[in-house]
Amino acid sequence: MFKVLVSDPISDLGIQQLMDAPDVQVDKKTGLTEDELTAIIGEYDGLLVRSQTRVTERIMNAGTKLKVVGRAGVGVDNIDLEAATKRGIVVINAPDGNTITTAEHTFAMMIALARHIPQAYAKTVSGTWDRKSFLGVELRNKTLGVMGMGRIGSEVAKRAKAFGMNILAFDPFLTEERADKLEVKLASVDAIIRNADFITVHTPLTPETRHMIARPQFEVMKPGMRIVNCARGGIIDELALVEAIDEGIVAGAAFDVFEQEPPQEDHPFLKHPKVIVTPHLGASTVEAQENVAIDVSEQVLNILRNEPFKNAVNFPLVAASVMSKLQPYFPLGEKLGSFAAQITAHAVNEIHVDYAGELAEVDNQALTRYIVKGVLERHLGSEVNIVNAMHLAKNRDLHVVVSQTPKTKGFTNLVTVTLKTQNGGERLVAGTLLHGYGERIVRLDKFPVDIAPEGHQILISHNDKPGIIGRVGTLLGENNVNIASMQVGRKVIGGEAIMFLTVDKDVPKDVLVKLTGLHDLNTAQEIVLP
């Protein structure tokens, strides 16, 4: 008989399958202190929580029988994942349970925005019958730009189609094939900014997406467009948005999220007549709260019964003998994936990983997860981890292909990551561990290199002509960018070449633009690695 403790308020309907299971005993004890939970956790095989209970390392260590901790929701900030992994305890969440709820809230906000519903309601109940001030617009035949076509963005697009809207969709992993399946038109961020009547964002908040819609974007938008954010605060520059509304560029906005939550009392959104706000209600429905509990209960039951499960957010168990060979390569693998993603401009439809040498002789699935995580993390941020990386890739029709060869290719081990894009392009980066030198990138596309993958770097493609290195160094020096190291690679004299610079800090975007303006220099891009 398995014993499961439910330590936060969760409806009986949500955990009904656990309560009905003949081999499971469920105890509900909420409001426990850390001391109280530590004192009793040793008798339980599973722990089910929401956000109130903090599952600390102390609790994990006391849970001598504990096999699984289930979080009835998405975030796991209240669970010590490192301690769980060390103890071999699987931590699972329910990332899909609030998909429909958030999509519906997004659409509710969009309709309310189009028809001025909150403003009209407020004026009507105040005693003023005013029909002239609230002339709205139809959704039919309008162009909706959806930025982020994961679970929620895809559901929003489905509903928009039913309302007769034309959909422009952007996602860094959205291919033409998948766009056709979803009946949307694949578009760039710039195309959406310039052509959409409505824009809704559904991306994680990452350095790449922070203020992805700001003053420069508002300046080129269609006058009278409307914008909705039910994803994450910070994706849209809030102060720049208010300015765009006041200038007549944006007709209105609807926000469920803020850069700071709760917002300050003087936040300009709160009293602006053309902005609709709600207090982060995207997942707040009876159904969503029950769905996440149902989802996580099912996975807890599968884990206890040693059956296949999904939605784990910490690392799966790996044999000690295999782990000893793979673990030193985990940081390198993640950096190779991140490096490859940062230098790839088009939507990726295949990640090809090749293992050569001793790594080809062991089960390298765990290392592959790190590589895929590195590829996805640039655009998905903290949403992706080493357990759900493969699942997220599959959901985006992103194929992961692994090949192995015992040939050493000049190194004891070599990991090669190739990203293939929908337009037939490829970007390749290969790396290894060198004794005494640590992590090294040894090949970039067709060029042999010797690069330490860390910090702030600039990758330059140029023509192999005299003076180009000097012009690059002079320009960077004039812009207070200090070069720590430089390496140049070429295949033939006077042909295509690359220059790889390690610098001390972030490179301003205007400096990269200036670099691309140099004679004989083709492209310049910044790469940031931990």
Side-chain angles (χ1 to χ4, degrees), residues 74-75 95 99 102-103 106 109 144-157 168-174 184 186-194 196 198-221 225 227-241 244 250 253-261 269 280 282 334 337-348 372-385 388-389 392-393 395-396 398 456 506-509 512 525-530:
V74 179
T99 298
T102 305
T106 299
M109 295 285 269
L144 171 65
V146 183
M147 295 187 181
M149 286 294 288
R151 298 183 307 272
I152 296 170
S154 298
E155 291 295 334
V156 170
L168 297 179
F170 167 80
D171 189 285
F173 301 106
L174 181 65
V184 300
L186 180 61
S188 65
V189 170
D190 184 65
I192 290 175
I193 293 294
R194 293 176 181 275
F198 289 79
I199 291 176
T200 178
V201 294
H202 299 284
T203 70
L205 179 63
T206 68
E208 191 87 7
T209 63
R210 181 173 180 79
H211 288 186
M212 68 183 296
I213 300 179
R215 186 69 197 177
Q217 287 72 39
F218 288 123
E219 289 177 348
V220 297
M221 286 181 177
M225 64 81 59
I227 195 161
V228 178
N229 185 5
C230 292
R232 291 289 185 271
I235 297 172
I236 298 166
D237 185 332
E238 294 171 353
L239 297 182
L241 172 58
V250 177
F255 272 55
D256 185 46
V257 290
F258 294 81
E259 292 195 42
Q260 178 184 335
E261 295 185 358
F269 280 9
H280 209 143
E334 189 167 345
S338 177
F339 192 107
Q342 291 183 60
I343 65 174
T344 304
H346 300 284
V348 178
V372 175
K373 175 179 181 286
V375 174
L376 298 179
E377 198 166 32
R378 180 191 177 202
H379 300 290
L380 301 184
S382 59
E383 179 183 345
V384 60
N385 57 61
N388 68 9
L392 291 175
N395 281 353
R396 286 162 171 76
L398 182 58
H456 298 274
D506 280 328
V507 183
K509 291 184 179 179
L512 294 174
Q525 56 193 128
E526 183 182 26
I527 298 160
V528 181
L529 297 171

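Predicted model, so just to flag it, every value in this text is computed and none were measured.
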Chemist: Listed by chain and number, what are the side chain to side chain donor-acceptor pair (under 3.5 Å) partners of T203, not counting sequence neighbours?
Modeler: none
Chemist: Partners of E526 by salt bridge (Lys or Arg N to Asp or Glu O under 4.0 Å), sequence neighbours excluded?
Modeler: none
Chemist: Check V257, T200, D256 against C230 for a side chain to side chain contact (heavy atoms under 4.5 Å, CB included) and give me the one that passes.
Modeler: D256
Chemist: Using a 4.5 Å cut-off on heavy atoms from C-beta on, say whether the side chain of L512 contacts that of Q525.
Modeler: no
Chemist: Residues in ring-ring contact (aromatic ring centres under 6.0 Å, His included) with F339, at least two apart?
Modeler: F500
Chemist: Ignoring hydrogens and angles, tell me if any N or O in the side chain of E377 forms a donor-acceptor pair with the backbone of G374 under 3.5 Å.
Modeler: no
Chemist: Checking A253 now: which residues fulfil side-chain contact (heavy atoms from CB on, under 4.5 Å) with it, not counting sequence neighbours?
Modeler: I227, L241, I245, F255
Chemist: Of the non-hydrogen atoms in A187 and I192, which two are nearest, and what is the gap between them?
Modeler: CB-CG1, 4.1 Å
Chemist: Mind checking whether F170 and D190 have side chains closer than 4.5 Å, heavy atoms only?
Modeler: no
Chemist: Going from CZ on R210 to CE on M212, what distance comes out if it is rounded to the nearest 0.5 angstrom?
Modeler: 13.5 Å
Chemist: Identify, with sequence neighbours excluded, every residue that meets side-chain contact (heavy atoms from CB on, under 4.5 Å) alongside R151.
Modeler: P95, D96, T99, E383, L392
Chemist: Can you name the residues that form a side-chain contact (heavy atoms from CB on, under 4.5 Å) with A254, not counting sequence neighbours?
Modeler: M109, L113, V228, I276
Chemist: Mind checking whether M147 and T209 have side chains closer than 4.5 Å, heavy atoms only?
Modeler: no
Chemist: Check A240 against A214 and note the closest heavy-atom contact, atom names and distance.
Modeler: CB-C, 4.3 Å
Chemist: Against N229, only a single residue in I213, I199, V201 fulfils side chain to side chain contact (heavy atoms under 4.5 Å, CB included); can you say which?
Modeler: V201
Chemist: Of the non-hydrogen atoms in K373 and V384, which two are nearest, and what is the gap between them?
Modeler: CE-O, 3.9 Å
Chemist: For E238, enumerate each residue passing the salt bridge (Lys or Arg N to Asp or Glu O under 4.0 Å) test, keeping only those at least two apart in sequence or located in another chain.
Modeler: none
Chemist: Considering residues at least two apart in sequence or located in another chain, which fulfil the salt bridge (Lys or Arg N to Asp or Glu O under 4.0 Å) criterion with R378?
Modeler: E208
Chemist: Does the side chain of R215 come within less than 4.5 Å of D237's, by heavy atoms?
Modeler: no
Chemist: Would E259 and H211 count as a side chain to side chain donor-acceptor pair (under 3.5 Å) here? Give the steps.
Modeler: CA-CA 10 Å; E259 292 195 42; H211 288 186; 3.0 Å; yes
Chemist: What pairs with F173 under ring-ring contact (aromatic ring centres under 6.0 Å, His included), at least two apart in sequence or on another chain?
Modeler: H379
Chemist: To the nearest 0.5 Å, what is the distance between CG on L174 and CZ on R396?
Modeler: 10.0 Å
Chemist: Would you call R232-E261 a salt bridge at under 4.0 Å N-O?
Modeler: no
Chemist: Applying salt bridge (Lys or Arg N to Asp or Glu O under 4.0 Å), can you list everything that pairs with D506, at least two apart in sequence or on another chain?
Modeler: none
Chemist: Mind checking side-chain contact (heavy atoms from CB on, under 4.5 Å) for N395 and listing every partner two or more places apart, or none if nothing turns up?
Modeler: H391
Chemist: Closest approach of A169 and V184, non-hydrogen atoms and distance?
Modeler: CB-CG2, 3.7 Å
Chemist: Hey, could you give me the CD1/CZ distance between I236 and F258, rounded to the nearest 0.5 Å?
Modeler: 11.5 Å
Chemist: Applying side chain to side chain donor-acceptor pair (under 3.5 Å), name anything that partners S338, two or more places apart in sequence or on another chain.
Modeler: Q342
